[in-house]
There are 2 protein chains.
Amino acid sequence: MATLKDVAALAGVSVKTVSNVVNGYAFVKPDNRRRVEEALVATGYRPNLGARNLRRGRTGSLALVVPELGIPYFAELAGLVLRAARAHDWNVLIQQTLGTREGEREALAALGPHVVDGAVISPEALRGTDFAGVSGPLVLLGEHPLDLPLDHVGIDNVEAARTAVRHLLDLGRRRIAAIGAHPDRATAAQRLRGHREALADAGLTGPVASVEHYHRRDGAAAMAALLDSPEPPDAVFCFNDLLAAGALRAAADRGVRVPGDVAVVGFDDDEAGAYGSPSLTTIAPDKAGIARAAVDLLRERVDGRDLPPRRVRTPFRLRIRESTVG
Amino acid sequence: MATLKDVAALAGVSVKTVSNVVNGYAFVKPDNRRRVEEALVATGYRPNLGARNLRRGRTGSLALVVPELGIPYFAELAGLVLRAARAHDWNVLIQQTLGTREGEREALAALGPHVVDGAVISPEALRGTDFAGVSGPLVLLGEHPLDLPLDHVGIDNVEAARTAVRHLLDLGRRRIAAIGAHPDRATAAQRLRGHREALADAGLTGPVASVEHYHRRDGAAAMAALLDSPEPPDAVFCFNDLLAAGALRAAADRGVRVPGDVAVVGFDDDEAGAYGSPSLTTIAPDKAGIARAAVDLLRERVDGRDLPPRRVRTPFRLRIRESTVG
DNA sequence: CGGACGATTTACAACGTTGCATTCCCGGTA
DNA sequence: TACCGGGAATGCAACGTTGTAAATCGTCCG
């Protein structure tokens, strides 16, 4: 592999002059510049990023920490972060936590200060104290009750959940269940609160189903239990589209009609939901906006130093489809 | 950030002795070892991977190049590669190509020899010549007609496609369409060949629908066209599960029953297919096996040098669900 | 007691790059 | 002619780590 030294030898100039050309330094005699450029091409020179970053104190990569790429929402988000990062000449290094506190702590620890310039992390189960030893710039995805001096990007989960439940109320549904409660997950708590509040505004309450994971399997099991209960719901609000997909399947298995007997609302706007039968009404966050905002915030924090912690609220909308209005 | 020098000063030994302790060198006096270890803890030392890799000539990361994380198959595969790579202490840096030749060439170029130790790439549209300038160890996912001295991992696409179509023939279907032909994509060609051959064995032919992308939208459009044609098929074999999802939706929109009027088979075994209504019969590749094999091959190639190009054939199975046997 | 030998530690250089300070060269000016 | 200023090029050091070879130490053997 060609180094600056090789190029310099070929062009008959010093290493530093080659470096200057590579870095676009203005004061290089046109003649030398030309010779260097030819030598660069001839040798196929590529800067050794390791060395450059060692010198510059940057790594040129950013970490993206998500629970699982198998979850469409995070896969899609990861793709968008990749795209946003490329605009900043950042490479992206992805880590999966499986949504466990242990996995998230590992990820934070592994992100030694020298392996990435910063991280975008979507924590599910972390406690405030877990961030104690963290060094580099960090941007959190999603709202969190953690009172940390960190940047946040995310939608208003309480309001989004209220929107979803109000939609069901507007359709005349009165027994509206929630699927997706989880003891350790911050977003679950917020969506649950939105559900409870919207119902309370109408003088109602509704059953709540907890899940272990946010997978289709869990949604199906929860829905089955609800439908088999003495007072089955006439609508369910699922905390993500995977749970909703499972719920729809469980309803179909029991011959329960959607939306006739039960209306279903999801959360995340996975593309799959638009193509299912019935298609899924869902809360659609602005994923591209989230990705862009997260990367932009991280860039600013990596560049400048003394910024106050910021929160970016990204918009969402309710996408109404067949699972609520057949 | 603490460096070896800081630790050495604190422990009262030379930098190299600290390095030796960090790297588990055997001959360090117990007393010194203890002092160094205490100093390591006290300073919170983390090796500077940039510097270490510069010295060792390794980067500690591997690149995974896929068309798009929004496609569930690649998202799932990426997750599995992440997991497999962690077992080798590799970080994974993901690049999206959007399935275009340009994107794939860019990815190859960006993978300078110094940014990753090697790459696992899932090429769709690359020509053999595009690999000319490529330096580092490379493992290709999927079969390719390219006659390159590179490692390959993948299933036998022709045989998988034959299996899918034979299944439809066994069910008595006689007009079996294929959805997913594409001029530039190697895997499309192979699945198409399997389709054609299986039909030929039964003395039949079937319509073929080309698509621009492998997305649900394209599957829906292709299916709509087939169903509206003068001789609609009684079965379709889709080259991936997204196309199949679109096809199912198009059928539902037209009141065409699946599998009553048309049977549908997909490819990839996305988890979504198991939960749809109807659930989707599909070819299920051993994704975890593919991920593991790819990373293992890459590891061997990074370690040793003079290996012949290898091909690993991973198994697949036909997963029969409601879309073919209601 | 001298030397040999292995255990242990260390100094030094190098990986490839870039910031800094220096040097060199030129025309223009006093 | 001596000096000045800025363009242009360069040498040197350093980023943090580790391989190599050499230095140091102690102990065992003859």
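Here is the naming used below: chain letters follow the sequence lines, and residue numbers restart at 1 for every chain.
Counting to the nearest Å, the P atom of C/dC12 and the CG atom of B/L4 are 18 Å from each other. Distance B/L54 CG to C/dT18 C1': 13 Å, rounded to the nearest Å. Distance CG (B/D31) to C1' (D/dG26): 16 Å, rounded to an integer number of Å. Atoms CZ (A/R33) and P (D/dG7) sit 14 Å apart, rounded to a whole Å. In this structure, the CG atom of B/N48 is 13 Å from the C1' atom of C/dC15, given to the nearest Å. Rounded to an integer number of Å, the gap from NZ of B/K29 to C1' of C/dT9 is 9 Å. Atom pair A/F27:CZ and D/dG6:C1' shows a separation of 9 Å (rounding to whole Å applied). Remark: P of C/dT17 and CG of A/L40 are 11 Å apart, rounded to the nearest angstrom.
Across the interface with DNA chain D, nearest-nucleotide mapping of B/A51 and B/K16 shows B/A51 to be the residue nearer the 5′ end.
Between A/R52 and C/dT18 there is a side-chain polar atom (N or O) within less than 4.0 angstrom of OP1 or OP2. Note on B/S14: every side-chain N or O is 4.0 Å or more away from OP1 and OP2 of C/dT9. Contact check, A/N20 against D/dA8: no side-chain N or O comes under 4.0 Å of OP1 or OP2. Close to D/dT10, at under 4.0 Å from its OP1 or OP2, lies a side-chain N or O of A/T17. Neither OP1 nor OP2 of C/dT17 sits under 4.0 Å from any side-chain N or O of A/N53. For A/R56, a side-chain nitrogen or oxygen approaches OP1 or OP2 of C/dT18 to under 4.0 Å.
Nucleic acid contact for A/V13: sugar-phosphate only, since backbone atoms but no base atoms lie under 4.0 Å from a heavy atom of the residue. Among the atoms of the strands shown, base atoms are found under 4.0 Å from some heavy atom of B/Y25.
A salt bridge does not link B/D117 with B/R299: none of the charged nitrogens is closer than 4.0 Å to a carboxylate oxygen. A salt bridge between B/D184 and B/R101 is absent, with no side-chain N of the basic residue lying under 4.0 Å from a carboxylate O of the acidic one.
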side-chain contact (heavy atoms from CB on, under 4.5 Å) between A/V92 and B/I94: does it pass, once the steps are laid out? CA-CA 6 Å; A/V92 179; B/I94 299 186; over 6 Å; no
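Looking at B/R35, its side chain does come within 3.5 Å of a backbone N or O of B/A11 through a donor-acceptor pair.
Side-chain proximity of A/N32 to the nucleotides C/dT9, D/dA9, D/dG7 is greatest for D/dA9.
Contact of B/R55 with D/dT17 (side chain to base): no donor-acceptor pair of N or O atoms is detected under 3.5 Å.
In the model, B/H215 has a side-chain atom that pairs as donor or acceptor with a side-chain atom of B/E68 under 3.5 Å.
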